[in-house]
Amino acid sequence: MASLRHEFYETDEKLTISIFDRGADPAQVSLTFEPNKVSYANGEKTLSLEPLKGRIDPERCDFTVGKVKVEIRLVKMAQGRWGGITGDAPDPLQTAPIVPATSPAVAEARAKPKKNWEELTTKILSSEKEATTDEDPNVGGDSTVNSFFQKIFGDADDDAKRAMMKSFQESGGTTLSTNWEEVSKGNVEVKPPAGSEWKKWN
């Protein structure tokens, strides 16, 4: 009879045991689940774990056979941590009925009314209306400036349109005038913004 190395980890609902039996043949592996006992057999290799620290539900327990280990999943009859696989421990099923564990924080969270996220989103979006150009002249960036100049150009008479085109082209886009009398007298001077220098491209 060979002894088998095994380890476990647990949650409140399940305890998982890993039995290290390399190359175990699924057809040869046998497991027996009882309320206080688990028995493993693979040919000459056996492992019996009893008494379990708590009761399990034999109908819901299962296992998988891998290349390196066999993993056994025990479903606990009562929620809680065992801290080990076997040993004498008070059986929670005999001392108290099964009651879903709820902390005061969880109960308090359940008591609070649920938020209507759809209504909240609609409220936020309606409060975030875009400012108009009357409220903020920088709203919209270049597209607003372009539409402003297009409106001026569209509403202008022929002389004003000629003045705008001539002043814009001759000044390299640094000046825009609607006064044809002034613009028609000669070349429009380049006036770069403060802190910048005008350079002619070849």
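We number each residue from 1, following the sequence as shown. Treat the numbers as computed from the prediction; the structure is a model and nothing was measured. Excluded from the calculations below are hydrogen atoms, water molecules and symmetry mates; all remaining heavy atoms, backbone and side chain alike, are included.
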*Could you tell me whether the side chain of Y40 reaches within less than 4.5 Å of the side chain of L49, counting heavy atoms only?*
no
*side-chain hydrogen bond (donor to acceptor under 3.5 Å, both in side chains) with E170: which residues, sequence neighbours excluded?*
K166
*asked:* Do V38 and I56 have side chains that approach each other closer than 4.5 Å (heavy atoms only, starting at C-beta)?
replied: yes
_Listed partners of E189 passing side-chain hydrogen bond (donor to acceptor under 3.5 Å, both in side chains), at least two apart_ = none
*asked:* Is there a side-chain contact (heavy atoms from CB on, under 4.5 Å) between I85 and L52? Walk through the geometry before answering.
replied: CA-CA 6 Å; I85 302 173; L52 296 174; 3.8 Å; yes
*Of all the heavy-atom pairs spanning N36 and G54, show the shortest one and how long it is.*
OD1-O, 3.9 Å
*asked:* F33 vs L74, test: side-chain contact (heavy atoms from CB on, under 4.5 Å). Steps then yes/no.
replied: CA-CA 9 Å; F33 299 108; L74 306 178; 3.7 Å; yes
*Student check: side-chain heavy atoms of E10 and K76 closer than 4.5 Å*: yes
*Would you confirm whether K53, through its side chain, and R81, through its main-chain N or O, come within 3.5 Å as a donor-acceptor pair?*
no
_Close side-chain approach of V183 and M164, heavy atoms under 4.5 Å_ = no
*Does a sphere of radius 6.0 Å around CG in D25 hold more than 12 heavy atoms from other residues, nucleotides or ligands, not counting ones at 6.0 Å or beyond?*
yes
*Please name the pair of heavy atoms, one in H6 and one in L4, separated by the smallest distance, quoted to 0.1 Å.*
ND1-O, 3.3 Å
